[in-house]
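First comes the structure, then the notes that go with it.
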Amino acid sequence: MVIAQQLPQTSRRRHKGHLDRGAAAVEMALVLPVLLFLLMGIIDFGRMFNAQIQLSQAAREGVRLASLNIGATLANQQSDANNGNTAIATRVTSASAALPGTFSASSGVASCPAPTATSSSACITYCPIPSLVTPSSTATVVVTAKFTAITGVTNFFGFTTFPTTLSSTGVMRCAG
């Protein structure tokens, strides 16, 4: 006499599920590189966005000093101890402490030197001499700095996805 007995539930599950062993490991191996790539991109983008915000603040700080500097001549404006090129470069450097290097200031936005890995630039257009100041007269400071990504995602496909040079412009009314 033969008695047919049904297998218990645990025995059936084990038999049915043995084909799924290792599937989670394979899925993780396929998805992990994409997730890491996205994570590294988010890190670099966040750092770049923070650097841009600091650069904007530095431009505002520098243009505030430049707008208060209404001198008789450009040479007087540049050499003013409180609001001249050196003071503006110092203020811009302190306002953007997280960016690499120090800022060098020069007058004239058109003749602004390109930033290097160790130094950045602040190009200043001062207010006109007092007799020429009008309600629409403005001072301008253009601040430029290098940005370096830390994760290497930017060169993954052989091209850079993030800008390597960041720039911000501050404009303020003279004697404002």
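Values reported hereafter were calculated over all heavy atoms of this structure, with side chains retained and with hydrogens, waters and symmetry mates removed.
Between Ile88 and Asn83 the shortest side-chain heavy-atom distance does not fall below 4.5 Å.
Nearest approach of Cys174 to Ala139, heavy atoms of both residues: SG-N, 4.0 Å. Scanning all heavy atoms of the two residues, the minimum distance from Val63 to Gly170 falls at CG2-O, 3.3 Å. Residues Leu55 and Val143 approach most closely at CD1-CG1, 3.5 Å, considering heavy atoms. Contact detail for Met40 and Thr151: the closest heavy-atom pair is O-OG1, 3.5 Å.
Residues forming a side chain to side chain contact (heavy atoms under 4.5 Å, CB included) with Leu74 (at least two apart in sequence, or on another chain): Gln77, Gln78, Ser107, Tyr126. Residues forming a side chain to side chain contact (heavy atoms under 4.5 Å, CB included) with Asn50 (at least two apart in sequence, or on another chain): Gln54. For Ala58, the side chain to side chain contact (heavy atoms under 4.5 Å, CB included) partners two or more places apart in sequence, or in a different chain, are Val92, Ala95, Ser96.
Pairs passing the salt bridge (charged side-chain N to carboxylate O under 4.0 Å, His left out) check and including a residue from residues 121-133, sequence neighbours excluded, do not occur. Judged as a salt bridge (charged side-chain N to carboxylate O under 4.0 Å, His left out), not a single pair has a partner in residues 123-139 (not counting sequence neighbours). Counting only residues at least two apart or on different chains, the salt bridge (charged side-chain N to carboxylate O under 4.0 Å, His left out) pairs with a member in residues 77-101 are Glu61-Arg91.
Residues Val171 and Ile124 are members of separate hydrophobic clusters, defined by side-chain heavy-atom contacts under 4.5 angstrom among Ile, Leu, Val, Met, Phe, Trp and Tyr.
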Is there a side-chain hydrogen bond (donor to acceptor under 3.5 Å, both in side chains) between Thr134 and Ser137 once you walk through the steps? CA-CA 5 Å; Thr134 64; Ser137 296; 3.0 Å; yes
